[in-house]
Structures are given as structure tokens and as C-alpha cells.
Amino acid sequence: MMNWNYDVNTRGNVQLSKDLNTLSVLNAIRNSSSISRSDVARITGLTTPTISNLVSDLIKEGFVIEMGPGESSVGRRPIMLEFNKDARYIGVIDFGRSNVIIGLTNLAGEIITLRELDLDKEAKPEITLERIGNELKNLIDEYEQNGIKVWGVGVAISGGVNGKTGVCIESYVLKWTNVPVRQILEAKVQCPVYVANNIRCMALGEKWFGAARDEENFLAIRFGRGVGSGIIINGELFEGVRGVAGEIGHVTVEPNGPECYCGNKGCLEYYISEGSIFERLEKLMEEGDKNAERLLQESKDKPRGKKLGLIARSAEEGDELSRLIIDDLVHYLGLAIANLVKAFNPSIVILLTEDKFVRESVSREIQAVVDPLLEPIVSSRVNIVPGLLGSENEIIGASTLVLDNVFKTIRIVPVRI
Ligand SMILES: [Zn+2]
């Protein structure tokens with residue numbers, strides 16, 4: 001039986017064939033609402049006696065629950081098995097601009113508890129990480145006292161991250177360079193820690209529990225409050241050399257466009273980031289535009305990320321200025337997406353932004369922009385769909401970093417024993 005509560009020292013030991021088979025069996029049960037032992041045998045290709053042994057181990061460990069007999073047209077009705085999503089918890093740390101959320105989820109990406117901590121950006125990163133690590137360890141201890149073990153911790157950070165080493169290479173938001181996040185946190189929380197860029201986490205979250213279930217090659221594009229993307233290739237997050245693959249905010253979409261703070265002209269961010277859209281509205285208001293003044297007034301109490309929703313709804317109701325803003329967003333984001341699709345040939349593209357109405361309406365409009373751009377080269381149409389996880393996708397995404405690392409060993413075919 002594999003050590004389900006594996007600690008830092010046993011990272012990587014899940015390569016043993018029995019462990020792989022146990023994970024395969026668990027995965028088959030996890031992927032189905034209710035399943036019989038013989039169906040698990042059929043899916044995994046393992047023998048029935050092997051399944052019986054592994055399932056009995058999994059029941060002992062609390063991962064699998066035996067339910068009542070299921071339906072069968074012939075013979076005895078089989079005992080059905082169900083995955084216990086609360087068998088273990090996962091720790092999460094989500095770095096925002098001015099705060100940090102720590103918490104726990106279960107194995108189905110459902111949030112158990114969240115706490116908000118202040119983020120002192122003037123403090124040394126080591127000090128900040130040790131403080132957060134201590135807070136999370138206290139939270140984990142509270143729950144472990146009640147008998148629930150924590151499998152690992154997923155960390156979402158804005159900036160370039162090397163997922164293999166757990167080092168934050170560069171974060172503009174946190175002002176960090178080469179910070180060994182995993183190393184510092186593992187020493188505090190005493191369980192495996194996985195680190196990734198926040199938008200890459202969201203992409204992974206959509207793969208596990210959202211719009212990209214079972215998709216192995218897809219793009220998740222984030223716009224609104226933050227701009228960026230997550231690229232999943234052959235089921236794995238693609239990070240690039242410095243962990244910044246997918247930072248599409250500064251790709252040029254208008255060579256003679258307005259100057260950007262990055263030094264280039266006509267960057268995508270100018271047209272699709274909420275901050276930049278509202279800066280433009282403020283300029284218009286200063287020039288005496290009454291409509292811009294009204295939009296700014298109506299949106300002033302809305303939280304960041306939700307202001308774009310007001311513009312999209314206003315466009316839908318026929319407001320001319322709002323329509324121009326959304327048309328620009330759709331046009332330039334569509335152009336960037338068409339280029340990315342040509343480069344990566346994904347099965348789907350997922351759009352992520354805080355407001356559900358924006359996700360849904362912009363997905364529809366962008367589909368109409370992208371389709372004709374792909375026609376001459378890519379024969380198959382690519383579906384552009386809204387993300388499903390909503391405002392908690394960063395936290396859920398961080399938790400799926402742990403799940404993905406535990407289960408990725410079984411992408412290797414199970415071994416017959
Ligand atoms: Zn730029």
C-alpha cells in the first residue's frame with residue numbers, strides 16, 4: 001500500500017507499480033459517481049483479484065466507500081463503490097495584490113475553509129513566506145486534530161514560476177526575484193508544496209473541475225482584472241524557460257497603437273484589461289464626455305474585476321461608448337486567440353474573467369471573430385467557451401496543483417500484477 005500521507009522525503013516514490021495500480025483504481029472510482037469492482041477491472045485492465053485487494057486497501061484508507069448494491073440485468077447485483085472526496089484535504093495559498101488567501105479544499109476542489117491575511121510587500125519574501133507557512137500549518141493542525149490528513153499544498157503566484165523547482169523567478173506584483181517558495185514553505189507546513197503562476201493554476205482548475213475536463217491540449221485566456229493565459233500541452237502545464245509562457249498581455253495587436261508602459265506600442269492589454277479600459281474612460285471624462293462620466297459613476301462602487309461587467313451589460317442595452325469598448329476587446333482578443341490557436345492547435349479555448357455575463361457574452365462574440373481567421377489554415381473550428389469555476393478559480397486551481405501531481409504518475413499505463 002502506498003504511503004498516502006507521504007511526506008517531503010518520499011516525493012517521487014509513487015513510481016512503484018503497485019502504487020501506480022492503486023492510483024489507477026482510485027482514479028477510475030473518482031471519475032465515476034458510482035462503480036462496481038468489475039467495471040473498475042474493465043477500465044484499468046487489472047485482474048479482479050488485484051482490484052479486490054487494492055479496493056480493500058483504499059476502503060481501509062478512507063478513500064473509497066462501499067454503497068448498496070447497484071443494478072444488474074444478470075446474476076447478483078454488485079456492491080457499488082464511491083470516491084470519498086473528503087478522505088484528505090489540500091492546503092492552498094493564493095497571493096493577491098495586497099492580501100493572501102490561505103485555506104483548505106477537499107479532493108473535489110470544494111472549499112472547506114478560507115482565511116485572509118495581510119500582505120506586507122515591503123517585508124523580505126522569506127519572512128512573508130515563513131509567516132504564511134506558520135499560519136497555514138496552524139490551520140492544518142486544527143483540522144488534523146479532527147483526524148483529517150492534508151495531502152499537500154498548492155500555491156498560486158502572479159509572475160514567472162518554475163514548477164519543477166518551486167522557485168518564483170520573477171514577480172512584478174510581489175517584487176520578488178528568485179525566491180525558493182517551495183523550499184521555505186515545505187519546511188513550515190511539513191508536506192509537499194507545489195507552486196505555479198496564478199493564471200496557470202486557473203487553467204489547471206478548469207481541467208480538473210471546469211470547462212476543460214478530459215481535455216489534454218487547450219488554452220485558458222484570462223482578461224479583465226488581470227491578463228494572461230495558461231497553456232496545457234499533452235495534459236501538462238507549459239511554463240517556458242522563465243515560467244512566463246502565456247503572458248499574452250504584451251503581444252502586439254496594433255503596431256501603430258498607443259504606447260504601453262512596457263515600452264512597446266499597441267499591446268493587447270490596452271484593449272482587454274479592466275484597468276486600462278477605465279483609464280481610457282477617465283481620460284474621456286476629462287475631455288468632457290458625459291457618457292464616460294456616467295459609466296465611471298455607475299461603476300465606482302463595484303469591486304475590481306466586476307466593473308467590466310457593467311460595460312458589457314451597458315453595451316448589450318445599446319450604449320454606444322460601451323459597445324465600442326466591447327467591440328475593441330472582442331476584436332483584439334479574437335485576433336490574439338486566432339494566432340495562439342494557429343501556434344498550438346488546441347481542442348478548445350476557455351475564457352476566464354470574474355463576471356459570468358462577460359465570460360458568456362464575450363465567448364460568443366469572439367467565436368464569430370476567430371472562425372473566419374482560422375478558416376484558410378485550420379480546417380476544424382475551435383470552440384471558445386466560458387470558464388466554469390467563477391471567482392474562486394484561482395483557489396480551486398491552486399488545490400488542483402496537488403491533485404495533478406499525485407495523479408499524473410498514472411498517465412503511464414497501469415502495470416498488471
Ligand atoms: Zn505592453
Side-chain angles (χ1 to χ4, degrees), residues 95-98 121 156-162 168-178 196-203 219-231 237-287 292 296 304-305 307-308 311-312 324-344 349-355 358 362 365-366 369-370 373 384 394:
F95 283 89
R97 276 176 182 271
S98 55
K121 283 201 258 185
I157 292 182
S158 166
V161 174
N162 180 333
C168 171
I169 301 167
E170 184 98 58
S171 170
Y172 176 77
V173 170
L174 298 171
K175 301 184 206 159
W176 287 2
T177 309
N178 291 324
N197 166 276
N198 57 343
I199 300 177
R200 261 64 96 201
C201 284
M202 293 179 196
L219 305 172
I221 314 279
R222 157 112 163 148
F223 66 101
R225 188 160 65 101
V227 172
S229 70
I231 303 162
L237 270 182
F238 178 70
E239 292 184 315
V241 181
R242 288 184 59 80
V244 291
E247 291 300 327
I248 56 167
H250 298 279
V251 299
T252 306
V253 288
E254 190 63 77
N256 297 316
E259 269 183 37
C260 176
Y261 63 88
C262 75
N264 294 316
K265 281 183 176 175
C267 289
L268 179 61
E269 193 170 287
Y270 177 83
Y271 303 99
I272 70 167
S273 106
E274 189 187 78
S276 154
I277 288 169
F278 275 80
E279 269 174 35
R280 281 150 62 198
L281 282 177
E282 268 168 33
K283 258 190 206 153
L284 283 172
M285 185 182 78
E286 282 162 22
E287 288 162 12
L296 283 165
R304 288 183 68 229
K307 292 175 191 274
L308 196 57
I311 305 282
L324 282 173
I325 291 168
I326 296 297
D327 280 352
D328 261 7
L329 185 152
V330 166
H331 170 76
Y332 288 109
L333 186 52
L335 200 61
I337 287 175
N339 287 336
L340 286 168
V341 167
K342 285 171 192 172
F344 290 101
V349 175
I350 297 169
L351 294 191
L352 309 172
T353 192
E354 277 81 357
D355 191 295
V358 180
V362 167
E365 290 187 38
I366 287 188
V369 172
V370 169
L373 291 170
I384 295 166
E394 211 160 306

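All ligand and atom numbering here is 1-based and tracks the order in the structure.
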Around atom CZ of R304, are there more than 12 heavy atoms from other residues, nucleotides or ligands closer than 6.0 Å?
yes
Take atom NZ of K283 as the centre, draw a 6.0 Å sphere, and report whether it contains more than 12 heavy atoms from other residues, nucleotides or ligands.
no
Would you kindly check if the NZ (Lys) or CZ (Arg) of R280 is within the cone defined by 45 degrees around the ring axis of Y270 and under 6.0 Å from the six-membered ring centre?
yes
The salt bridge (Lys or Arg N to Asp or Glu O under 4.0 Å) partners of E170 (sequence neighbours excluded) come to R242
Which pairs would a plain distance check flag for residues 244-255, meaning a side-chain donor or acceptor within less than 3.5 Å of a matching protein atom at least two apart in sequence or in another chain?
residue: E247; atom: OE2; partner: R200; partner atom: NH1; Å: 3.3
residue: E247; atom: OE2; partner: R200; partner atom: NH2; Å: 3.3
residue: H250; atom: NE2; partner: Y261; partner atom: OH; Å: 3.4
residue: E254; atom: OE1; partner: Y332; partner atom: OH; Å: 2.4

R222: what forms a side-chain hydrogen bond (donor to acceptor under 3.5 Å, both in side chains) with it, not counting sequence neighbours?
E354
Under 2.8 Å from the Zn ion (ligand 1), the protein N, O or S atoms, given as residue and atom:
H250 ND1, C260 SG, C262 SG, C267 SG
